[in-house]
Amino acid sequence: MGKSETRAIQPTREENYSEWYQQVIKAADLAEASPVRGCMVIKPWGYEVWENIRHVLDGMFKAEGVKNAYFPLFIPMEFLQKEAEHVEGFATECAVVTHHRLEKSDGKLVPAGELAEPLIVRPTSETIIGESFSRWVKSYRDLPVLINQWANVVRWEMRTRIFLRTSEFLWQEGHTVHASADEAMALAGRMLDLYETLARDYLAIPVIKGRKSESERFPGAVETMCIEAMMQDRKALQAGTSHFLGRNFAKASNILFQSERGRMELAWTTSWGVSTRLIGGLIMSHADDDGMVMPPKIAPAHVVLLPIFRKDSDRQPVMEYVENLAARLREKQYAGRRLGVEIDAKETGGARGWEWIKKGIPIRVEIGPKDMAKGAVFMGRRDTSHRDRKSVGTDLFVDTVTDILDDIQYKTYQKALEFREAHTVFIDARDGFYDFFTPSNPQQPEIHGGFALSHWCGSPECEKKIKDELSVTIRCIPYDRNLAGDGPGRCICCGKESPCRVVFAKAY
RNA sequence: CGGGGCGUAGCGCAGCCUGGUAGCGCACCUGCUUUGGGAGCAGGGAGUCGCAGGUUCAAAUCCUGCCGCCCCGACCA
């Protein structure tokens, strides 16, 4: 058995989770580090995941009446200054452009032509988009303004990790303007719902919707809502955020409109975004010790056909059969796009199959002369053991391939959901809470903890104390009554009255 | 940015302590043999040993500085 028990990824999740994460990205060919500190190269197999996310979300946004637009990468430094909390939130991680030319000096290129006003590379675009909005909006008849942009942003992070936290990342940022607070709040809520749908129905990631505590809020927001997911090391990942910005940014950018009654009023704005971080979440939700596991609805490709030749004379008939099968499969639609079919005719024996296991393709199909003779294919699924393969009639396979993909999609979600539920606990005793979040070996912490649903009095002091002592934060105040609990209780930290339970966890 | 670890072929590593001019496994190329499976044998290609200085007749190896990556903190999508 020895050899067959070896897993494709080393170390395993259990042995060294963060190293495992890096190895999965490498083995699945999703991305790689770049020569630029903290910046990644997203390779085709990873970028297609992003393209699929973009396709799905873009359709959802458009159904909500949101239009795409594009705003500058560079933002005048003074713009950031307009909103007090906003500056404070981002000032420490801004890339600043100070020159516009290079000159040769002693054979080396040196910056020259200093800018009169430095520009920052957008860490987010509220201020520059707000400037446009202030000119676009005159009357209540112009509202709402519903805009989204697909862009890159730069946040100069101290510690980076591919997909999860890189200095540059890709995202979408939605920005809207409304005549009333209720309308803005409702829109921000609907966008959060879209993110939940994307996560649940496409990425197969179960998420908890909720709102952030004051200390975790977006700088300048009145309310930040989020979806939080549990990774396989039981840490929380914020997978998407939606902000109700009140009138803070309207004030900063001077977004005024004339109301029905003829008065000049400050508008209400929102912003909301998800990023390439979702791909990191995808990996840490589903990948196993054999590599990536792609949920079919977001997978770069759905089926790989692996022709098997026993003799040279097999080659042509098998390839013809395989090409023909590929053509039939490609006529099918799945999750709003054409079924993705790869043909891999490399003659490298079983290693070829492992390449695709590591890449996480949902279905592998082996086709040799024997299968052809039977009118069958030999199929393996990524969500079952690599040894667990079976012969299926070719016609039946073609007819049911989308059902099989649906089944893989469903089971991938269920597995992630069961994992989260297994590591989500209601805790009411302070000691129990501390035990839950304390590894038995602090030097080399084992995978431990999870989501603790505990009461919190609402004070920043208790929140900070828990953060300082355990590195545990309030991920969100959940909307789901089953999680928030029925009625008041006692704060896990100070014992004072608490209105509801919140989600405590270590976080990325 | 503080503490620790690491940087040698595409990937994973040995060699470093005790300097002598580079090796192993996998992958890659060629040939033969195999053939329902991470194949076997033989041959082969591929590395300015992270970068820059220094010590030395000689540096992957010793010394200094820098860069990058990983882990633990502080900061964050």
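Scope of the values below: all heavy atoms of this structure, side chains included, with no hydrogens, waters or symmetry mates. Naming convention: chains lettered A, B, ... in sequence-line order (proteins, then strands); numbering from 1 in each chain.
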Using atom [atom1] of [X] as one end and atom [atom2] of [N] as the other, report the distance to the nearest whole Å.
| X | N | atom1 | atom2 | answer |
| --- | --- | --- | --- | --- |
| A:W20 | B:rC71 | CH2 | P | 13 Å |
| A:R382 | B:rG38 | CZ | P | 18 Å |
| A:Q172 | B:rA77 | CD | P | 15 Å |
| A:Y21 | B:rC71 | OH | P | 11 Å |
| A:Q23 | B:rC11 | CD | P | 10 Å |
| A:Q10 | B:rC26 | CD | P | 15 Å |
| A:Q238 | B:rC75 | CD | P | 16 Å |
| A:M40 | B:rG68 | CE | P | 18 Å |

In whole angstrom, give me the gap between the [atom1] atoms of [N] and [M].
| N | M | atom1 | answer |
| --- | --- | --- | --- |
| B:rA42 | B:rU48 | P | 28 Å |
| B:rA77 | B:rG5 | C1' | 28 Å |
| B:rG15 | B:rG73 | C1' | 34 Å |
| B:rC72 | B:rU18 | C1' | 34 Å |
| B:rC62 | B:rG20 | P | 11 Å |
| B:rC70 | B:rG31 | C1' | 43 Å |
| B:rG50 | B:rA22 | P | 15 Å |

With both distances kept under 3.5 Å, what pairs with [N], Watson-Crick or G-U wobble?
| N | answer |
| --- | --- |
| B:rA42 | B:rU30 |
| B:rC57 | B:rG20 |
| B:rU48 | none |
| B:rG68 | B:rC6 |
| B:rG36 | none |
| B:rC75 | none |

Candidate nucleotides [options], ranked by approach to the side chain of [X] - the nearest:
| X | options | result |
| --- | --- | --- |
| A:K467 | B:rA77, B:rC75, B:rG38 | B:rC75 |
| A:S471 | B:rG73, B:rG38, B:rC75 | B:rG73 |
| A:I308 | B:rG36, B:rA39, B:rA74 | B:rG36 |

May I ask you to evaluate whether [X] reaches the phosphate of [N], defined as a side-chain N or O under 4.0 Å from OP1 or OP2?
| X | N | answer |
| --- | --- | --- |
| A:K26 | B:rG12 | yes |
| A:T241 | B:rA77 | no |
| A:R159 | B:rC70 | no |
| A:R364 | B:rG37 | no |

Any side-chain donor-acceptor pair under 3.5 Å between [X] and [Y]?
| X | Y | value |
| --- | --- | --- |
| A:H86 | A:E88 | no |
| A:E173 | A:S125 | yes |
| A:W354 | A:D290 | no |
| A:E83 | A:T127 | no |
| A:S18 | A:W20 | no |

*Could you label the plane-to-plane angle of the A:F433 and A:F437 rings as parallel, tilted or perpendicular, counting under 30° as parallel and over 60° as perpendicular?*
perpendicular

_Residue met sooner reading RNA chain B from 5', once A:P219 and A:P369 are mapped to nucleotides_ = A:P369

_Along RNA chain B (nearest heavy atom to each residue), the more 5'-positioned of A:G368 and A:A239_ = A:G368

*Does A:E93 have any salt bridge (charged side-chain N to carboxylate O under 4.0 Å, His left out) partners at least two apart in sequence or in another chain, and if so, which?*
none

*Give A:S18 one of three labels, base, sugar-phosphate or nothing, depending on what nucleic acid heavy atoms sit under 4.0 Å from its own.*
sugar-phosphate

_So A:G38, base contact, sugar-phosphate only, or nothing? Heavy-atom distance under 4.0 Å._
sugar-phosphate

*Would you mind telling me which of A:H175, A:H243, A:E126 makes a side chain to side chain donor-acceptor pair (under 3.5 Å) with A:S271?*
A:E126

_Sole residue of A:R13, A:R382, A:K358 in salt bridge (charged side-chain N to carboxylate O under 4.0 Å, His left out) with A:D288_ = A:R382

Short heteroatom pairs, N/O only, protein and nucleotides 41-51 of chain B, under 3.5 Å:
none

_Let me confirm one number: the CD-CG distance from A:E168 to A:L170, rounded to the nearest 0.5 Å._
6.5 Å

